[in-house]
Asker: 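Sending over a structure as structure tokens; questions will come in a sec.
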Amino acid sequence: MAPHITGRTKPTKPKKQQRATKRKRDDVDVEKLEQQVQDLDPKGSYTSFSDLPLSLPTQEGLKACHFTTLTPIQARAVPLALHGSDILGAAKTGSGKTLAFIVPVLENLYRKQCVGQDAGLGAMIIAPTRELAIQIFDVLVKIGRKGHLFSAGLVIGGKSLQEEQSALARMNIVVCTPGRMLQHLSQTALFSVDNVQMLVLDEADRILDMGFQRDLDAILEYLPKDRQTLLFSATQTKRVSDLARLSLRDPEYVSTSEQGESATPKSLQQNYVLTPLPDKLDTLWSFIQTCKKSKIIVFLSSGKQVRFVFEAFRHMQPGIPLLHLHGRQKQTARLDITTKFSHAQHSCMFATDVAARGLDFPAVDWVVQLDAPEDADTYIHRVGRTARYERDGKAVLFLDPSEEEGMLSRLEAKKVPIERISVKQKKQQSIKPQLQNMCFKDPTLKYLGQKAFASYVRSIHIQKDKEVFKLDKLNLEEFAASLGLPGAPKIKFIAGDDAKARKNAPRAKMDDSEDDSEGEKGDKNKKPEIRTKYDRMFERKNQDVLADHYAKMVRDDDIEALDGTQMSDDDLFSVKRRIPVQEEKEDSSDEETTPAVADMDLPPGAKAVHIPGAKDALIIDSKRREKLLKSKKKLLKFKESGQKLVFDDEGNAHQIYELEDEDAFKAKGTAEEQRKKFLEEEAQRVRESDLLDKALAKEKKRAKREKRKERERGEEGASDDEDEAPQLADASEDFKKFLAGSEDGSEAEEDEEEQPKKKQKKWFEGEGRRTDMGREEAAPETLADLEALAAGLLG
Ligand SMILES: Nc1ncnc2c1ncn2[C@@H]1O[C@H](COP(=O)(O)OP(=O)(O)OP(=O)(O)O)[C@@H](O)[C@H]1O
């Protein structure tokens, strides 16, 4: 058992004194704790956190979060990690790997008293995506806030480098993404990692794979060799080459799966459905229609696919709130969406693989894989978003018949138990006519459809596993028709295109902004962009009628994405307008019934309703008429059309056109002269406005161009996570670009706007840490709150 600290600091003491008392107390505590850890059998069997020698702050943090029993991976990994061993941890998705490294990080640093600014950075936790880093940070803060004095921080980009730089100097624990950390290591002069005692890689196989290879290797160069390294993933790497890169010292392989057992949870029901590519959307729509009271994640292969399906389905109002998440959205939008989805009871989120790993959304009922995963590991991580920690969950994989054999053999090799199910024909609906109609009417949607088509076809083309992904076996004409397109856009392929490199190419340089998965950002060998005739067509159209649509879709993708989400929520969540019948009833009680209505002689069962603005009362004598009341649009025809008036300077109303006094008219000259004069004046006015408009448009265009350039420069340099960070082929060059045109400043401003300083202060002062009847402490509402709190642990 961990020792208990006696003699709590009295709240009346000044802060400095409190802190000093606590430090002294901790010194005593640390000695005892160290002894207990030495006496602990690292391979013993433990069932609860109280069986382990943990510091009081950690114990309290765990208690506050109601973590008492150790999960199998925690039971095995934590004692070993407390002892200082390097660990290769592998356990099923949702089995509690995060705590398996958070607890040792807090404890080992605590025992080494690696606290305070002088101690420097003691632990670095690396995650492949920003979302996952935020989630880990959240867990760290929840456990650590109950009395630990460490200063913790999040370094994932999305705010100014300078802001992060100054925070870094105070951090004892950092949670980061590889690209951004490397950027700091190379650029932040006073940032030292010489004291790092622990390195943690969550989703280690992903961070060690090609995508992050160069970033990680560069980071490792900076870190001291004499450190403890913990690697965790559901699909752990055991490749000797990877382990050699990390200079592990006699690593302990901790796996909780039996030999030959799958990495997917037992409580997960896994099925696949055979659906030819052109019928996929029909099947998905039908599926969603039958699962409206569920929480669903639908995985697709690219951001473009996600956008199109989200937009199309949103227009068709499926009766369930829709969300969409992909790596091309702004960080704030991404955060907003993940938070919304976490809190939603029923929702369907379309996502790329940016959401495939590590994210712990509560109570997801279904994981649907509309597009097949690139490999079995991706499959495992995707389905792992449901059936987490002792909960049930269901997963369904959509396969084109041509993919069935290959994909099943890949899954079999990983011991994934998956069974075929078929769709009930009577439940199957076709949305093809609707999609075609929508694309016909809405060029924006059609454009998105074309992009989605191209990006899907390209994603199949660049897949490495040709036994699964066979482009020649797909009916592309029918697929295009199923998206509502009049024909299949022609796509040129370039031989030797590499799936991962393409997928991870930097945003600014990508034409068809493929996805969001992180990693390899080497862009040196980038092939010329693939352009379809539709791209050219849209560029041409872009100059005139579609300019607005295009600009909105392409440039303001992020804003639009966020808006889209809100719109979807509005569509589905907004309180329905009360129908006039009800209004009338209420109104009548207020004696506002018009005499016309009150005096009417009505047939039995019928009622008269007065529509504001209508001359006569409306008789409601059938269901059809009653329905009519729900439609504002239909009610319009019963209202009298209004009159348009203009007001003069004295406030007198006039008709728009009034007949002039004949004599006055004649006094101004003949009708012909007046007409000419009028035309000349108007022509002059138009010319002047035209000049003004042109100058304005020019200025706007210039400003926009400047802004875009600046953003591109910023994005090229802001190597953060997966989807945005360019692999630093020539680090100094990229950093130069970054420095030249970082948009961090503006993002920081945005952040500041969202988080008034007052609020941050509140957290620093420890307000809001009220415990509600023994329940969890009030959670920080925003990321900035969380960061402020974590930094403030140190005071
Ligand atoms: N000891 C515990 N007692 C109760 N709940 C726990 C415990 N440990 C973890 N959990 C809960 O289990 C869920 C899954 O945990 P976590 O996200 O750490 O899983 P994971 O193994 O990292 O999953 P993935 O492989 O998908 O990243 C979380 O909601 C977490 O709060």
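Heavy atoms only: backbone and side chains are in, while hydrogens, waters and symmetry mates are out. In listed order, ligands and their atoms are each counted from 1.
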Asker: Does T69 approach ligand 1 within less than 4.0 angstrom via side chain, backbone, both or neither, non-hydrogen atoms only?
Answerer: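 For T69, the contact with ligand 1 is made by the backbone alone.
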Asker: Does E34 have more than 12 heavy atoms from other residues, nucleotides or ligands lying within 6.0 Å of its CD?
Answerer: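 Atom CD in E34 is crowded, with more than 12 foreign heavy atoms closer than 6.0 Å.
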Asker: Given that the side chain starts at C-beta and the backbone is N, CA, C, O, which of these parts of R388 lies under 4.0 Å from ligand 1, counting heavy atoms, or is it both or neither?
Answerer: side chain
Asker: List every atom of ligand 1 that sits less than 4.0 Å from any heavy atom of S95, numbering the atoms from 1 in the order shown and giving each element.
Answerer: 19 (O), 20 (P), 21 (O)
Asker: With a cut-off of 4.0 Å, which atoms of ligand 1 are near a heavy atom of R385?
Answerer: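 Here the atoms of ligand 1 in question are 26 (O).
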Asker: Regarding ligand 1, does D360 bring an N or O atom to under 3.5 Å of one of the ligand's N or O atoms?
Answerer: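 Between D360 and ligand 1 (N or O atoms, distance only) the closest approach is under 3.5 Å.
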Asker: Does V383 form a side chain to side chain contact (heavy atoms under 4.5 Å, CB included) with T93? I'd like the steps, not just the answer.
Answerer: CA-CA 9 Å; V383 295; T93 49; 5.8 Å; no
Asker: Classify the side-chain pair D205/T235 by whether it contains a donor and acceptor separated by less than 3.5 Å.
Answerer: yes
Asker: Numbering the atoms of ligand 1 from 1, which are under 4.0 Å from a heavy atom of F49?
Answerer: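 Reading through ligand 1 atom by atom, the close ones are 1 (N).
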Asker: Check the angle between the aromatic planes of F310 and F350 and answer parallel, tilted or perpendicular using the 30° and 60° thresholds.
Answerer: perpendicular
Asker: Mark yes or no: K295 above the aromatic ring of F341, with NZ or CZ under 6.0 Å from the six-membered ring centre and no more than 45 degrees from the axis.
Answerer: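 Here K295 passes the 6.0 Å and 45° test against F341.
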Asker: Can you tell me which portion of F232 lies within the under-4.0 Å heavy-atom range of ligand 1? Options are side chain, backbone, both, or neither.
Answerer: neither
